[in-house]
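Just so it is clear: chains get the letters A, B, ... in the order the sequence lines come, proteins before strands, and each one is counted from 1.
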Amino acid sequence: MASVKIVLPGDIIDTRREEDTTQQESNVEDEATVIRLGPGLVQSSEAVSAVTAGVLHSNSETNRWWVAGNKRRYVAAVGEPVVGVVVARHGEGYRVDIGSAHDALLSHLAFEGATKRNKPNLAVGTVVYGRVVVANSVMDPEIECYNSNTGKSEGYGELSEGFMFKCSLGLARRLIDTKAPVLAALGNGVPFEVAVGVNGRVWVNAGSVATTILVANAIRNSEYLDAKQCRQMVKELLEKQ
Amino acid sequence: MSRPDRREASQLRALNCSLGQLNRADGSAQFSAGNTSVVSGIYGPVEAKVYEEKLDRAVVEVKFRPDIGAPTTKDKWMESAIRNTFEREILTHLHPRTLVQIVIQLREGDGSVDSAAINATSLALVDAGIPLKCMITAATCAVLSDDTTVVDPTQEEIDAARSTHTFAFASGSSTGPLYVDSRGDFTMDEYNHCYDLCALATERVLAFMRTAIEGKVTKEAKISAA
């Protein structure tokens, strides 16, 4: 496997691959490969350059290239699960703070089983778990608290009790994408439920206040710890309890 | 003629930086060259006030706070100069109707403060993940009364200098500097000589920044891969 390539803003990326040069005999000379640029890369005239710092990744099958780096400020993207807090109620729905530059809109009807007569009644300050359905640079983002295709909540909706805290976007993604060692280690020790938003917000609910705080602290601490260190850290926290 | 701290004429002071130390900011960096130390904090993209938002791009706001006392006209001027430099290099069209706020605090000033502020802000923007066209690095030169030119002057050297020049360049760009500040009495030859020295010095600053950022990214990547 090639060594990890770290790029800085302004670095020109060479998107040709080693395989391309050997296949040149069989390919037509003028054939151009379509390259898809993901986060962190832009095209400037003929060249591809990085605009954020991080590890350069590429997928040879789909010809996608992107830069993976950690951030704290969320920028909404369609399809992502987010944890938000209701900050205002309007005639058509709620305004939810999901940590992006603009608050998201949540329609009254975007819940399981909601009709015009039967709308959920969320107070300001309610924590909700939703999915981003509209996100672009020119409009305010919109979220929904159910799966609009199936009509089921599928875990989305109001999150009652518990405690919400903020973490970096990288940690949030690790908690969702991989079998996070910290969650597995905690799960062996205490019962709890957790909702992770890709926007860097995590909601935790355990039996008691002390346990909830313990789980929250363990997750926060795990940012720079590897699997073994996570298990050790969780073990120490549980013993101190 | 030897410099008070016995550096070579084109030698920078010891550079130091740390990223991500402010835990309420979206990105932050502390940059120091010798005794000059600057912290830069980035907040953004956040919601801009309606009267200052731009419909097609992000607004960039800079606040510069001196080490001692309330901000003066000099600091306001620095805010405006830094804003003009970075506004062109931040990809503001990706985040319309938002604000990117840069807050720079001078912790200790011992000459070459403006170049340290620019370097710290560059690192902080990278830490915040704000999209940039390039890295911006800056360096200061002073022409002394005996006509020698020194790079990264201390305050003592600046006070005794005939002219001082700060240049900021975009990484990997062959076009001219992004920021130029020249003060005092100088000839065009002296100016050109300072330009060349600063261009070389900023390359060293860029290499230093690259090492620092790679360290941070590697640490994060290791955890992600683990």
Open item on the list: Show, in sequence, the C-alpha distance, side-chain angles and deciding distance for A/Arg72 and B/Asn23, and conclude whether the side-chain contact (heavy atoms from CB on, under 4.5 Å) test is met.
Closed with: CA-CA 10 Å; A/Arg72 319 276 289 273; B/Asn23 55 21; 4.0 Å; yes
For atom [atom1] of [X], decide whether the heavy atoms of other residues, nucleotides or ligands shown that lie under 6.0 angstrom number more than 12.
X	atom1	result
B/Lys54	NZ	yes
B/Glu8	CD	no
B/Arg65	CZ	yes
A/Glu92	CD	no

Structural part of [X] lying under 4.5 Å from a heavy atom of chain A:
X	answer
B/Leu132	both
B/Leu94	backbone
B/Ala25	backbone
B/Leu99	neither

How long is the gap from [atom1] on [X] to [atom2] on [Y], to the nearest 0.5 Å?
X	Y	atom1	atom2	result
B/Glu220	A/Ser168	CD	OG	7.5 Å
A/Ile6	B/Ile213	CD1	CD1	10.0 Å
B/Asp127	A/Asn70	CG	CG	9.0 Å
A/Leu8	B/Glu214	CG	CD	7.0 Å

Open item on the list: Can you tell me which of B/Ala48, B/Gly27, B/Ala128, B/Pro45 forms the most heavy-atom pairs within a distance under 4.5 Å of chain A?
Closed with: B/Pro45
- [ ] Specify which of B/Ser122, B/Ser171, B/Gly20, B/Gly129 makes the most heavy-atom pairs with chain A at under 4.5 Å.
- [x] B/Gly129
TODO: Identify which part of A/Asp11 has an atom lying under 4.5 Å from any heavy atom of chain B, answering side chain, backbone, both or neither.
DONE: side chain
Open item on the list: Using heavy-atom distances under 4.5 Å, tell me whether A/Val7 contacts chain B through its side chain, its backbone, both, or neither.
Closed with: neither
Open item on the list: Can you tell me which of A/Gly10, A/Gly69, A/Ala101 forms the most heavy-atom pairs within a distance under 4.5 Å of chain B?
Closed with: A/Ala101
Task: Trace of the side-chain contact (heavy atoms from CB on, under 4.5 Å) decision for A/Arg73 with B/Val46 - done: CA-CA 8 Å; A/Arg73 174 70 50 177; B/Val46 290; 3.3 Å; yes
Open item on the list: How close do B/Pro96 and A/Ser137 get, counting heavy atoms only, and between which atoms?
Closed with: CG-O, 3.2 Å
Task: Beyond-backbone contact of B/Arg97 with A/Asp140, side-chain heavy atoms, under 4.5 angstrom - done: yes
- [ ] Could you check if a side-chain atom of B/Lys133 sits within less than 4.5 angstrom of a side-chain atom of A/Val42, using non-hydrogen atoms only?
- [x] no
